[in-house]
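Basis for what follows: all heavy atoms, side chains included, without hydrogens, waters or symmetry-related copies. One-based numbering along the sequence shown.
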Amino acid sequence: MTMKPLRLDIVSDVVCPWCYIGKKRIENALALVPDVPVEVHWRPFFLNNWVPREGISREEYLTAKFGSVEAYKGIAGRVVAAAGEEGLTYRPDLVKRQPNTIDCHRLIYWAEAKDKAPEMKQRLMELYFRDGGDLTDVNVLVQAAADVGLDADEVRRRLATDEDVAKISADAQEAAEKGISGVPTFVFAQKYAVSGAQPAEQLARAIRQVSEEINAQAAE
């Protein structure tokens with residue numbers, strides 16, 4: 001009997017450090033249940049929908065969100081350590097500009113059509129967290145797309161338009177309306193949601209459990 005693949009929607013944002021960590025953990029979780037067919041979809045979320053399209057300085061952002069640049073340092077330390085445990089690098093000191101992420105989500109959406117969404121997401125997150133890349137710079141975005149095998153000229157042309165801006169905004173809005181306020185949120189079979197960058201073992205258990213449930217229902 002062929003198992004019905006489990007649909008897994010991952011709602012996250014490229015500038016959310018726990019989403020960066022959560023992406024690694026869900027990949028580890030999938031590796032723990034290689035026998036379970038899973039269909040992963042990356043869904044957009046705006047962690048900071050108030051940041052203008054052109055972005056703002058990191059200093060201005062941290063002050064608005066945490067009260068001061070200093071106030072973020074304690075929080076950042078814990079996140080940096082958690083990222084390190086997953087073999088990831090987060091260098092908050094390198095981040096100079098806080099982007100609005102709608103263009104990043106457009107790139108991920110376009111990459112999905114070529115089965116490159118996870119690579120696109122990873123590249124943007126690495127640029128931001130590890131390299132302090134400026135995701136408000138169209139040249140940085142075009143290069144990131146080219147790095148994962150998308151056509152640079154085509155991406156540059158599409159970014160200059162409003163193509164899919166309304167779609168991404170509507171998808172992000174839909175997540176918010178469904179009550180998703182913290183990311184990453186993992187939605188299994190469009191009915192069970194797990195919020196936060198849970199340990200891989202826990203996510204793997206959820207994958208197996210929900211997959212068994214949907215397959216049992218399909219067999220009835």
Side-chain angles (χ1 to χ4, degrees), residues 2-47 49 86 101-126 128 135 141 144-145 147-150 155 158-159 163-200 202-215 217-218:
T2 326
M3 279 173 82
K4 193 174 163 202
L6 167 67
R7 182 185 171 109
L8 170 56
D9 290 285
I10 303 172
V11 182
S12 69
D13 198 359
V14 294
V15 294
C16 151
W18 286 108
C19 296
Y20 181 44
I21 294 164
K23 181 175 185 292
K24 187 68 192 281
R25 289 184 180 169
I26 194 72
E27 286 165 353
N28 292 340
L30 290 166
L32 293 173
V33 285
D35 54 314
V36 180
V38 181
E39 200 180 274
V40 177
H41 296 275
W42 294 95
R43 313 288 291 172
F45 188 85
F46 301 129
L47 193 61
N49 58 4
E86 300 297 337
T101 53
I102 195 155
D103 286 337
C104 295
H105 289 300
R106 287 204 288 167
L107 289 183
I108 294 160
Y109 180 62
W110 298 337
E112 187 172 39
K114 299 195 163 36
D115 290 327
K116 296 272 190 188
E119 293 85 349
M120 188 74 255
K121 179 111 185 169
Q122 187 66 28
R123 187 74 193 104
L124 292 167
M125 286 176 150
E126 280 172 359
Y128 181 75
L135 299 183
L141 295 178
D147 290 343
V148 302
L150 300 188
V155 166
R158 291 170 87 178
L159 281 173
E163 185 185 343
D164 294 320
V165 165
K167 177 177 184 354
I168 299 295
S169 302
D171 283 358
Q173 184 60 35
E174 187 194 339
E177 280 166 6
K178 281 184 175 162
I180 292 174
S181 58
V183 283
T185 292
F186 302 97
V187 183
F188 301 93
Q190 293 177 294
K191 60 178 185 175
Y192 301 111
V194 172
S195 187
Q198 305 298 332
Q202 219 166 316
L203 290 168
R205 260 202 310 277
I207 290 168
R208 190 175 291 289
Q209 233 163 341
V210 182
S211 170
E212 282 169 5
E213 186 186 307
I214 59 168
N215 279 288
Q217 282 166 353

Trainee: For the residue pair Leu6 and Ile207, what are the closest heavy atoms and their distance?
Mentor: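 Scanning both residues completely, I find the closest heavy atoms to be CD2-O, 3.6 Å.
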
Trainee: Looking at Glu163 and Arg106, is there a salt bridge between them, counting it only when a charged N and a carboxylate O are closer than 4.0 Å?
Mentor: no

Trainee: Side chains of Gln209 and Phe188, heavy atoms from C-beta outward: is any pair under 4.5 Å?
Mentor: no

Trainee: Using distance alone, with no hydrogens and no angle criterion, decide if Asp13 and His105 have a side-chain donor and acceptor under 3.5 Å apart.
Mentor: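 Distance-only check passes for Asp13 and His105.
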
Trainee: Would you say that Val14 contacts Tyr128 through its side chain, given a criterion of any heavy-atom pair below 4.5 Å between the two side chains?
Mentor: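 Side chain of Val14 against side chain of Tyr128, heavy atoms only: no contact under 4.5 Å found.
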
Trainee: Looking at Lys24 and Glu27, is there a salt bridge between them, counting it only when a charged N and a carboxylate O are closer than 4.0 Å?
Mentor: no

Trainee: Quick one: closest heavy-atom pair of Trp42 and Glu112, and the distance?
Mentor: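 Minimum heavy-atom contact is N-OE2, 4.4 Å.
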
Trainee: Tell me the closest heavy-atom pair linking Ile214 and Lys4, and the distance in Å.
Mentor: CD1-O, 4.2 Å

Trainee: Side chains of Ile26 and Val40: closer than 4.5 Å at any heavy-atom pair?
Mentor: no

Trainee: Would you say the side chain of Arg208 lies within less than 4.5 Å of the side chain of Asp35, judging by non-hydrogen atoms?
Mentor: yes

Trainee: Shortest non-hydrogen contact from Arg25 to Ala200?
Mentor: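 Heavy atoms of Arg25 and Ala200 come nearest at O-CB, 3.5 Å.
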
Trainee: Which value, rounded to the nearest 0.5 Å, describes the distance between Leu124 atom CG and Thr101 atom OG1?
Mentor: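 Reported to 0.5 Å precision, the distance equals 10.0 Å.
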
Trainee: Report the distance from atom CD of Glu86 to atom CD1 of Ile21, rounding to the nearest 0.5 Å.
Mentor: 7.0 Å

Trainee: A side-chain contact here means heavy atoms from C-beta on lying under 4.5 Å apart; do Ser12 and Lys23 qualify?
Mentor: no

Trainee: Report the residues that fulfil side-chain hydrogen bond (donor to acceptor under 3.5 Å, both in side chains) with Arg43, sequence neighbours left out, ordered by chain and then residue number.
Mentor: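 With sequence neighbours excluded, Arg43 shows a side-chain hydrogen bond (donor to acceptor under 3.5 Å, both in side chains) to no residue whatsoever.
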
Trainee: Would you sort out whether Leu107 and Val148 count as a side-chain contact (heavy atoms from CB on, under 4.5 Å), showing the intermediate values?
Mentor: CA-CA 11 Å; Leu107 289 183; Val148 302; over 6 Å; no

Trainee: Let me confirm one number: the CG-CH2 distance from Asp103 to Trp110, rounded to the nearest 0.5 Å.
Mentor: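 Separation between the atoms: 7.0 Å.
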
Trainee: What heavy-atom pair brings Ile108 and Lys121 nearest, and what distance separates the two atoms?
Mentor: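 Heavy atoms of Ile108 and Lys121 come nearest at CD1-CD, 3.7 Å.
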
Trainee: Drop me the distance from Gln173's CD to Phe45's CZ, to the nearest 0.5 angstrom.
Mentor: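 Nearest 0.5 Å value for the CD-CZ distance: 10.0 Å.
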
Trainee: Would you please test Val33 and Val38 for side-chain contact (heavy atoms from CB on, under 4.5 Å) and show each step?
Mentor: CA-CA 10 Å; Val33 285; Val38 181; 5.6 Å; no

Trainee: To the closest 0.5 Å, what do you measure between CD (Gln198) and CZ (Arg205)?
Mentor: 10.5 Å

Trainee: Which heavy atom in Ala197 sits nearest to a heavy atom in Trp18, and how many Å separate them?
Mentor: CB-O, 3.5 Å

Trainee: Do the non-hydrogen side-chain atoms of Cys104 and Leu141 ever get within less than 4.5 Å of each other?
Mentor: yes

Trainee: With rounding to the nearest 0.5 angstrom, report the NZ to CD distance, Lys178 to Gln190.
Mentor: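 Here the interatomic distance stands at 6.5 Å.
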
